Amino acid sequence: MNREVERYLKSATRGLWGKKKREVEEELMAHISGRLNAHLIAGVNEETAVQKTLKDLGQPSHVSAGMTRLHTAPTLMGLATAMSLIILTVFTLITGSMAQSLPGTSYWPSEMCLNAIEKGELTTNALQDVLDERLVDNCWSVGNSLWLNFNTLRTVLEKEDVEIDILGTRVELLFPSGEEAIFHLGSDNISVYDDNNQVLSVDPHYFDLWRLVEGIAKNPNIPLSISGWDNPIVTIGNVSFQIGTSEQPFEGTDFYESYLNEVLFDTALTGTTVYIVNPRTERLFKLGKGYDSHWDESLVQQVRVPLNPPPNTEASTGVYGVVVILDLENALVHEKVAHDESISEHNNAFYLTTARASANGSISLELPAQGEVEFVDGFNVFSAPGEAILVDLSADAGSWFNVILPEQIRLE
Amino acid sequence: MADKNLLRGTLDLILLSILEDAPKYGLEIIGEAKNRTDGYFDFKEGSLYPALHRLEKAKHIKGEFAPSDAGGPRRRYYHLTERGLKHLQKQREEFERFSGKVQALWGAK
């Protein structure tokens, strides 16, 4: 294929992926081929025919912009559909005093770290109390995990007549309504190593809250809700509990950001080359693989974006998720110079963040005006925020999410 | 060349009308629009393909790949669906009513 035509096709299908990308490429190729033949039949040489054809076609970005808007936005709508598995509802009537509080830790629940937490040497959310250098080196939070002790959860579940059956790490829950759910304790897919390259084993009684949420979400007949920012309240069927205590508070931000990550991983985006940048954890994921990366804060000019909250929501307590499709246009040009072959690999990136509403209901969040992401394979990508979608994670059931369309979002 | 604002509102009607009698592929649609209107409707690919895909998403048309009769890459032929045909009839009636009323306005001057 002619190099200029190839470049046109790449550019015109930028932002699409998978089968849709291949189909549009094939359709456009046939189109280009038709135009080229017409010029060749008219007697012009091949080089001129290509030039004339590309001129006829116009800017490839016009095709890609229209296609991406058409095919990407509904995919993100699909994200919202997937979210319906986990209905995050605001239970304004449930207060912290009514739900039992369960202590949790965001640190890796190895014996060493749990002991340190128990002795008060390591608080759940801060490192300022740490005196022991070993703890600094070995007790860190992994991703956005929140670990809970199963024994404390068990007490709460049994009090509400939930039957529990444990087989190895597999936990089966039978709710009074007759509905069942399964989740797994411990950690079988990630390992954390200490300074001596020894695995820091997870206490077998601990489990990542995500495992429970995933397990419950697989049965859509079991109501599931997570609400609030500080010490969020989890409601599963007829059981409610609060994560974190007044002594060991837990901020829900990390959890909700994990949630956005997970939802993106679980939606129709699976199997595509999609990069997800989570600035809070400074991690960049390629679907199916974890990619270490660095979001260079010094290069990120934060811009504050005021948004109107979706109607009929508890604005001041609302939990909002924001998915920004990063515009990698410049990145691709930048990469092209040094790594021509890598251009097509970086076809999408999402910037995920969460936002709180102020008391007067306005939502303000920070987005990168421009940023640099350093990939492990040695080159940098510059990006700027493109279209953004605001997802209301805490509306009442039935209108539990609202999507603010990109054109409604104003950058100031 | 048609006024862009007017074109935007009638693009669906134009594309559906072109596909009414037989399935066609992208380049053929551009050619037909141009020929049948003496060059008045001259689409660019940047507006044609997103519009075709949007109509397909709305199930008004359906695209299917078929070998090209001229050889080379397969072409994607679009044809009207039942739903598309009804939509076209409705759009056409609406357009005629609209056009008639605008004419009446001018006539009333």
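Each chain gets a letter, A, B and so on, in the order the sequences are listed, and its residues count up from 1. Worth saying up front: this structure is predicted, and the values here are computed from it rather than measured.
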Salt bridge or not for A:Glu26 and B:Arg76, using N-O below 4.0 Å? no
Look at atom NZ of B:Lys34 and say whether more than 12 heavy atoms of other residues, nucleotides or ligands are closer to it than 6.0 Å. no
So B:Phe95 and B:Phe98, would you call those rings parallel, tilted or perpendicular, with 30° and 60° as cut-offs? tilted
Are the side chain of B:Glu56 and the backbone N or O of B:Gly63 linked by a donor-acceptor pair below 3.5 Å? yes
Mind checking what makes side chain to side chain donor-acceptor pair (under 3.5 Å) contact with B:Glu28, not counting sequence neighbours? none
So does B:Glu20 pair up with B:Arg92, basic N to acidic O under 4.0 Å? yes
Which members of residues 31-42 of chain A, sorted by number, sit under 4.5 angstrom from chain B on a heavy-atom basis? A:His31, A:Ser33, A:Gly34, A:Arg35
With a 4.5 angstrom heavy-atom cut-off, which part of B:Tyr25 approaches chain A: side chain, backbone, both or neither? neither
